[in-house]
Amino acid sequence: MSSVNLTSLGANQLKNATSGEMVEVGSLWREQTVILFFLRRFGCQVCRWMAAEVSKLEKDLKANGIALIGIGPEELGVKEFKDGGFFKGDIYIDEKKQCYKDLGFKRYNAVNVVPAAMGKKVREIASKASAEGIQGNFSGDLLQSGGLLIVAKGGEKVLLHFVQKTPADNASLEDITKALGISANVQPGEKPQCNEDVCTR
């Protein structure tokens, strides 16, 4: 199902954004099932909206002993991200971006990042984020993509490996709860409908 090598991935080091402590990725799933939410960058408006979306599951995750962890590729913007309250889980930094590489989260280049970032789906989510009062900035690494990984307790297996194909792609709340085998009483955010010029809620 997934080609993720949990042994090598688990040996990677992450920095706790609050304490500064370095931890092995594998320690995050040693005692509990974990959702690892990989942001493109902390200042990204669309990423902040996605973080708020997945955070809707927090109560149901806690009730089922499942951890929600956010991971960013750099420290830049993490304080503003935390202060904004976009994400309801612990936050770590993958300073070497090794997890991003191991999980196949691609990097854009100067040529293909602009069309990707200006695509219709990105504009739709940015419009929805703005409507919900979520703003962003263009600070930091604009070329990194992200995704999501769910690992069963003890590293037994990968339950979901989601890789962004465009900056607007995200694993749905339904896909996440289905992979975890739990039910959740949450309403996913409705993405606005757009034509090429106008977005409406």
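For clarity, every value in this text was computed on a predicted model and none was experimentally measured.
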task = Take atom CD of Glu31 as the centre, draw a 6.0 Å sphere, and report whether it contains more than 12 heavy atoms from other residues, nucleotides or ligands.
result =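 No - once you tally the heavy atoms of other residues, nucleotides and ligands closer than 6.0 Å, there are 12 at most.
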inquiry  = Tell me whether Lys88 at atom NZ has more than 12 heavy atoms from other residues, nucleotides or ligands lying less than 6.0 Å away.
reply    =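 Not buried by this count: 12 neighbours or fewer within 6.0 Å.
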request  = Using the side-chain contact (heavy atoms from CB on, under 4.5 Å) rule, pick out the option among Asp60, Asn64, Leu159 that qualifies with Leu180.
outcome  =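 Among the candidates, only Leu159 passes.
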message = Donor-acceptor pair, distance only, cut-off 3.5 Å: does the side chain of Arg48 make one with the backbone of Phe42?
response =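 Looks like yes, one N/O pair under 3.5 Å.
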ask   = Is a side-chain N or O of Asp169 found less than 3.5 angstrom from the main chain of Lys165, in a donor-acceptor match?
value =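 Yes.
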query = When Gln144 is tested against each of Arg41, Arg107, Arg40 for side-chain hydrogen bond (donor to acceptor under 3.5 Å, both in side chains), which residue passes?
reply =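 The residue from Arg41, Arg107, Arg40 that satisfies side-chain hydrogen bond (donor to acceptor under 3.5 Å, both in side chains) with Gln144 turns out to be Arg107.
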Any side-chain heavy-atom pair of [X] and [Y] under 4.5 Å:
X	Y	answer
Leu14	Leu28	yes
Glu95	Glu74	no
Leu149	Val158	yes
Trp29	Leu9	yes
Ile35	Ile176	yes
Asn170	Phe37	no
Ile182	Ile66	yes
Phe87	Leu68	yes

inquiry  = Nearest 0.5 Å, please: how far is CG in Leu57 from CG in Leu173?
reply    =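 The CG atom of Leu57 is 5.0 Å from CG of Leu173, to the nearest 0.5 Å.
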request  = Output the distance between atom CD1 (Ile71) and atom CG (Leu36), rounded to the nearest 0.5 Å.
outcome  =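 So the CD1 of Ile71 and the CG of Leu36 are separated by 4.5 Å.
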inquiry  = Could you go through Ser172 and Lys178, starting from their C-alpha distance and side-chain angles, then the distance that decides it, and tell me whether this counts as side-chain hydrogen bond (donor to acceptor under 3.5 Å, both in side chains)?
reply    = CA-CA 10 Å; Ser172 71; Lys178 188 175 175 184; over 6 Å; no
request  = For salt bridge (Lys or Arg N to Asp or Glu O under 4.0 Å), just list the numbers for Glu156 and Lys153, CA-CA rounded to whole Å, side-chain angles, deciding distance to a tenth of an Å, and then say yes or no.
outcome  = CA-CA 6 Å; Glu156 180 190 329; Lys153 179 180 176 180; over 6 Å; no
task = Check the pair Gln98 / Asp94 against side-chain hydrogen bond (donor to acceptor under 3.5 Å, both in side chains), numbers first and verdict last.
result = CA-CA 7 Å; Gln98 190 59 50; Asp94 182 6; over 6 Å; no
ask   = Is Leu103 linked to Val23 within one hydrophobic cluster, defined over Ile, Leu, Val, Met, Phe, Trp and Tyr using a side-chain heavy-atom separation of less than 4.5 Å?
value =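 Yes, because Leu103 and Val23 connect within a single hydrophobic cluster, where side-chain heavy atoms sit under 4.5 Å apart.
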